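Report on one structure; see the data block that follows.
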There are 2 protein chains.
Amino acid sequence: MNVEKIIKTEKQIPIASRTLIHLSLVEAKINEIMTTALKPHGVSLQQFNVLRILRGQKGKPANLSTLNERMVTKMSNTTRLVDKLILKGYVDRVVCPSNRRKVEINITVQGESALSEMDTALKEAEEKLLNNFTVEDLTALNVLLDKF
Amino acid sequence: MNVEKIIKTEKQIPIASRTLIHLSLVEAKINEIMTTALKPHGVSLQQFNVLRILRGQKGKPANLSTLNERMVTKMSNTTRLVDKLILKGYVDRVVCPSNRRKVEINITVQGESALSEMDTALKEAEEKLLNNFTVEDLTALNVLLDKF
DNA sequence: TACATACATTTGTATATACAATTGTTGTAG
DNA sequence: CTACAACAATTGTATATACAAATGTATGTA
């Protein structure tokens, strides 16, 4: 990605600002490619993330606040994200019997199979995004990102 | 930032996916801190970016499509972003006399002075975000990000 | 038991963004 | 000179998101 072309300015940009701008641009690119890959499957990137988290639960239901902890979005949106997944039949929501304030979200069979179809699309997108990277690059990048 | 806590799952996440998730999380953090820093100034991060680009023009006006090239947002939003900056009196828009399809956007004196106040707030935010990084780290990070 | 407080989720509302269609302008082939 | 394609920006509309307030439930304490 050619940042210089986008950042172009006569005066030198300090490396701190440059890095942050660079990160936004990269993130935007990732987002676009992922979203495009998911479009044929009719889910947004956020909806995909919810499904992926639920699958990681291996049958154990997740309640909204734990889902929320592991997402970038705000609580109020998590509710509505789940609403949309329910409409699609990919998850179901039941009131938690032991504590009726909580809800339990589960991925459905239909959701699992839709998710596994998305996996291949997403994997292709990832490869497209990361084809310039060696494993060492990725490791180094993760180490650096951890400093945030 | 503790990604592991957020990504947590029993099965190993492949490094490619892990990196991309990590990047989203970092970007979200950056975005939040920047937005918070700008809030007292009453502009969004995107509006701030427009002002910063215009300042880089050093008096030369920018038309919408060049603004757009250098932003992550879509054209239709650029129009509305500029609308909001006009309402605040930070920029003005005139139809380009040589080609009346184009418009010319300029930063106003008021916009310049508002921008310089934002600069200090943003600089603090940047330092807060990057205080774990050495200059070498930043350089390395930029090199890696360029591979996208 | 009654009351205040904390918790988990949901709803209302304003704002932001994406995508497609539209407007107005310029360039150009016949 | 006209018709048509290309260009630059704008508008309409649906969806997404943030923030604050509201709902319903549980817990602690007098």
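Lettering of chains follows the sequences in order, A, B, ..., and the numbering in each one begins at 1. Only heavy atoms go into these numbers, but all of them, side chains included; no hydrogens, no water, no symmetry mates. Please read these numbers as outputs of a predicted model, since none were measured by experiment.
- Taking every heavy atom of residues 39-49 of chain A and every atom of DNA chain C, pairs under 4.0 Å involve A:K39, by number.
- The nearest whole Å value for the distance from the CG atom in A:N77 to the C1' atom in D:dA20 is 13 Å.
- The structure places OG1 of A:T78 at 12.5 Å from CZ of A:R70, a figure rounded to the nearest 0.5 Å.
- Under the 3.5 Å distance criterion, with hydrogens and angles disregarded, no donor-acceptor pair is assigned to the side chains of A:T108 and A:D92.
- Among residue pairs with one or both ends in residues 48-71 of chain B, none qualify as ring pair (Phe, Tyr, Trp, His ring centres under 6.0 Å); sequence neighbours excluded.
- Legend: residues meeting side-chain hydrogen bond (donor to acceptor under 3.5 Å, both in side chains) with B:E136, ordered by chain and number and at least two apart, are B:T134.
- A:V50 places a side-chain heavy atom less than 4.5 Å from the side chain of A:L54.
- Closest of all the heavy-atom pairs between B:A125 and B:M34 is CB-SD, 4.3 Å.
- In the model, A:S65 has no side-chain atom that pairs as donor or acceptor with a side-chain atom of A:N68 under 3.5 Å.
- Comparing A:K74 and B:S65 against DNA chain D, the residue whose closest nucleotide sits nearer the 5' end is B:S65.
- Within a heavy-atom distance below 4.0 Å of DNA chain C, the residues of residues 92-100 of chain A found are A:R93.
- Here the C1' atom of nucleotide D:dA8 and the CD atom of B:E69 are 12 Å apart, to the nearest Å.
- Of the two residues contacting DNA chain C, namely A:T35 and B:K84, the nearest-nucleotide position lying further toward the 5' end is that of B:K84.
- Note on B:T79: a base of the nucleic acid sits closer than 4.0 angstrom, heavy atoms only.
- Closest non-hydrogen pair, A:G59 versus A:N106, comes out as O-OD1, 3.3 Å.
- A donor-acceptor pair under 3.5 Å is absent between the side-chain atoms of A:N31 and the main chain of A:E27, judged by distance alone.
- Note that the first and last nucleotides of DNA chain C, 5' to 3', having any atom under 4.0 angstrom from a heavy atom of chain B are C:dA16 to C:dT26.
- Sorted by first then second residue, the salt bridge (Lys or Arg N to Asp or Glu O under 4.0 Å) pairs that include residues 96-105 of chain A, not counting sequence neighbours, number zero.
- With respect to the salt-bridge test (charged N to carboxylate O, under 4.0 angstrom), the residues A:R52 and A:D119 do not qualify.
- Residue contacts shown for A:S76 include a base, since a base heavy atom lies under 4.0 Å away.
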